[in-house]
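Since the model is a prediction, treat every value here as computed from it, not as a measurement. Here is how names work: the chains are called A, B, and so on, in the same order as the sequence lines, proteins then strands, and each is numbered from 1.
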Amino acid sequence: MNPENFIFEKAQEAIAAIYNTNIDSKLIQTQATRKEFEGDITLVTFPLLKVSKKSPEATAQEVGEYIKQHSNSVESFNVVKGFLNIKFSTGFWQNIFSDIYNANNFGQLPPSGKTIMVEFSSPNTNKPLHLGHIRNNLLGWSVARLLEANGHNVMRVNLVNDRGIHICKSMLAWQKMGNGETPSSTGIKGDHLVGKYYVAFNDELKKQIKELTAKGMPNDEAEKQAPILKEAQAMLLKWEQGDKEVVDLWKKMNGWVYEGFDKTYKSLGISFDRTYYESQTYLLGKALVNEGLKRGIFEQHDDGSVWCDLTADGLDKKLLLRGDGTSVYMTQDLGTAHQRFNTYKLDEHIYVVGNEQNYHFQVLKLVLKKLGFNWADSIYHLSYGMVELPEGKMKSREGTVVDADDLVQDMYSTAKETSLALGRLDDMPTNEQEKLFEMIGLGALKYFIIKVDPKKTMVFDPKESIDFNGNTGPFIQYTHARIKSILKKAVDQGVKKEVVSAELLPKEIEIIKLLNNFPIKIKEAGIDHSPAVISSYAYDLAKEFSQYYHDTSILKEENVAVKANRLALIETIAKVLTKAMGILGISLPERM
RNA sequence: GGUUCGGUAGCUCAGUUGGAUAGAGCAACAGAUUUCUAAUCUGUGGGUCAAGGGUUCGAAUCCCUUCCGGAUCACCA
């Protein structure tokens, strides 16, 4: 029995008995008792005054007395202003503790039967991943884990933007000045090599624009007339016509990029159930639009282009098909959403995409709704803010973009340095050490990013994120490792661990409360799609343990029963921490 | 300008359906340790919750206005 449920029932019972009336269950408001007062849970009596027709204090007193008399789980109660603080008996907490200790896979909610698709990452194949992508990937990944903990069947998908003018830019630059360079001939990672030529293209473009304006051409005209841009556009046309030479080059260079991406994903601990490519999906949605046009939902302009009028909904008119019949971004997204909901019978579809596309998703849902698809309401845009550096925004032009691979490497090096300096890993084989440094470095990075509310613009300070103290991933990892080590020692000593009916310290009750909250937190976080809830929970739990351990050196305890109880408690903490760390993606290798 | 999301300690961030004296970490200062891993723990200082008004027993939280910042408003994706 949960404390909340208990009070909920008892309070209703009490009010029915004392005031002879049934009240709306919404009026029963509980909260955890604040630390400065005695008690475990608090009933707020202000909403009850209408029924009791008495002062807050008197009402609290009456309800408290009733509950105390009619339950042996309540040890005592006190009244402060309008707040009724109730303290449970030790036995009550022991029961809860015992239930959690014996539960299998605590924190894993029962199967919901729902299938949820999470689309995230969605890179372009013309340049390597950077810090912004990292936020996207980490969010997508942990939301997927979180939803799995909620019992849903989750599909992780990636939609790679592998076509379009920007890809042709890299291709053209490589053709012109690449001298046949390949990742293997240069030793450069494929995505970085292609990115290099994307930059080269832009440099050349800038140069040509400058030359044209020097000859007297207006700037905006020059931007359109630059020969290299014309060439890129011609290349795109050739690609669309299936020109063999262009398509082969496209395949070759994209192949390099995919190899590079695979490495980056692997280093982040991320994978997908399915990868979609825009080159294969960009024609989807046309039929949908044409059907909508036939049904009079959309309108056609004189040039043949098709639009959806959303002005009645406070938005603008949105283009769905160009005059020449070719599709735009929106067309494709309409089509892929339709296809995915049909194929996989999705109950929900989450898109992890930056907040610069808020408008796009607003329109997407609205247009689908207009087409009569009720599942449009099951689309959720998990929108996240930009990542900035302490010195300001990242700007590719100024070279202040933080590259994903560099960052992961940096985190690894720092983790290694710090860990080795402590000199406790001397007996660990080198390959295990490497694995460990990876997870610590990555744990720092992941936790630092996930703990921030997604919709906020965040500042990423590399120095702060690799701190190992305080509210950080490594602190949680370390605490977890510490508990494991204590438990191992206990096993070596042949000490028992079991839940026994011993007296509980206040700190222990606090920990049991926290543990008991875990499934509630999972559910709450799942509804909001917010893994940040889990990160702060994990930190609280780790911190509680640290304080607890500091106060009660467990292995030194002489009373056998108390010792067994304490070991059972910290084993439960480890269990919950393991689950939480799994959701955050910061689990350590077993050995540690 | 329209739409939209933010603004909480010096810095980075929490803050539950509106509840009691708004919390962590970092940084600063002062302490603790016969421990399993000190990557720890305790304490101190630090706040006009952007500003003003409203709703009510009660507001960082809900409503309105203003100020500041981001994003967006393409036949790009």
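- With a cut-off of 3.5 Å on both Watson-Crick or G-U wobble distances, the partner of B/G45 is given as none.
- Among the nucleotides B/U40, B/A20, B/C26, the one closest to the side chain of A/D467 is B/C26.
- Distance CG (A/L389) to C1' (B/U12): 14 Å, rounded to an integer number of Å.
- Using P as the reference atom, B/G10 and B/G70 are 22 Å apart when rounded to the nearest Å.
- A salt bridge between A/E57 and A/K81 is absent, with no side-chain N of the basic residue lying under 4.0 Å from a carboxylate O of the acidic one.
- Across all strands, A/S55 comes closer than 4.0 Å to no nucleic acid atom at all (heavy-atom distances).
- Computed from coordinates, the A/F468 CZ to B/G25 C1' distance equals 15 Å when rounded to whole Å.
- For B/C67, the paired nucleotide is B/G7, the pair qualifying as Watson-Crick or G-U wobble because both relevant distances are below 3.5 Å.
- Using the Watson-Crick or G-U wobble rule with both distances under 3.5 Å, B/U55 pairs with nothing in any strand shown.
- Out of B/C13, B/U16, B/U12, the shortest distance to the side chain of A/V452 is found at B/C13.
- Rounded to whole Å, the separation between the P atoms of B/U56 and B/C63 comes to 16 Å.
- Look at CG on A/D461: it is 9 Å from P on B/U12, rounded to the nearest Å.
- Using a 30° and 60° split on the angle between ring planes, A/W239 and A/W250 fall in the perpendicular class, above 60°.
- Residue A/S383 is classed as having no contact, given no heavy-atom separation below 4.0 Å to the nucleic acid.
- Remark: A/Q547 is not in phosphate contact with B/U40, judged by side-chain N or O atoms under 4.0 Å from OP1 or OP2.
- Using modelled atom types, one finds a donor on one side chain and an acceptor on the other under 3.5 Å when comparing A/N85 with A/N78.
- At least one side-chain heavy atom of A/Y447 sits less than 4.5 Å from a side-chain heavy atom of A/N471.
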Check nucleotides 21-23 of chain B for protein N or O atoms closer than 3.5 Å to its own N or O atoms and list the pairs.
from: B/G23; atom 1: OP1; to: A/R34; atom 2: NH2; distance (Å): 2.8

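- Between A/T281 and A/Q332, the side chains place a donor N or O and an acceptor N or O closer than 3.5 Å (distance only, hydrogens not considered).
- For B/A20, the base has a donor-acceptor partner in the side chain of A/N85 [N/O atoms by modelled type, under 3.5 angstrom].
- Partner assigned to B/A32 is B/U40, using Watson-Crick or G-U wobble distances below 3.5 angstrom.
- To the nearest whole angstrom, the two P atoms, one in B/C41 and one in B/A59, are 35 Å apart.
- A search for side-chain contact (heavy atoms from CB on, under 4.5 Å) contacts involving A/V495 returns A/A490, A/Q493, A/K563, A/L567, not counting sequence neighbours.
- Nearest to the side chain of A/F448, among B/U35, B/U12, B/A20, sits B/U12.
- For the 3.5 Å distance criterion, the side chains of A/H360 and A/D333 qualify, holding a donor opposite an acceptor.
- Stacking here means ring centres nearer than 5.5 Å and ring planes tilted less than 30 degrees, and by that measure A/F46 stacks onto B/G19.
- In summary, the side chains of A/N158 and A/T275 do not present any donor paired with an acceptor at a separation below 3.5 Å, with no hydrogens or angles considered.
- For the residue pair A/N137 and A/S121, a side-chain donor N or O sits within less than 3.5 Å of a side-chain acceptor on the partner.
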Review point. When you check every protein heavy atom under 4.0 Å of nucleotides 70-77 of chain B, what one-letter string (B, S, -) results, 5' to 3'?
Key: SSSS-BSB
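- In this structure, OH of A/Y537 is placed 18 Å from P of B/A24, rounded to the nearest angstrom.
- One interatomic measurement links the two molecules: CD1 of A/I450 to P of B/A14, which rounds to 13 Å at whole-angstrom precision.
- Across all strands shown, B/U12 forms a Watson-Crick or G-U wobble pair with B/A24, both key distances being under 3.5 Å.
- Using the six-membered ring where Trp is involved, A/Y412 and A/F437 have ring planes that are perpendicular, over 60° apart on the 30 and 60° scheme.
- Under 4.0 Å is where a charged nitrogen must lie from a carboxylate oxygen, and between A/E508 and A/R566 at least one such pair does.
- Residue-environment remark: NZ (A/K523) stays at or below the threshold of 12 foreign heavy atoms within 6.0 Å.
- As rounded to the nearest Å, B/G18 and B/C49 have C1' atoms that lie 15 Å from one another.
- B/G58 and B/C5 have their P atoms separated by 29 Å, given to the nearest Å.
- The phosphate of B/U12 (OP1 or OP2) has no side-chain N or O of A/N471 nearer than 4.0 angstrom.
- Remark: B/G1 base-pairs with B/C73. Criterion, Watson-Crick or G-U wobble with two distances under 3.5 Å.
- With its ring centre under 5.5 Å from that of the base six-membered ring and a plane angle below 30°, A/F83 counts as stacked on B/A20.
- Between the P atoms of B/C64 and B/U3, the separation comes to 12 Å (whole Å).
- Proximity of A/K543 to the phosphate of B/C41: no side-chain N or O atom is located under 4.0 Å from OP1 or OP2.
- Looking at heavy-atom distances under 4.0 Å, A/I486 makes contact with a base.
- Here, B/A9 and B/G47 have their C1' atoms 6 Å apart, quoted to the whole Å.
- Between the C1' atoms of B/A24 and B/A14, the separation comes to 7 Å (whole Å).
- Using a 4.0 Å cut-off, no side-chain N or O of A/K456 falls inside it from OP1 or OP2 of B/G6.
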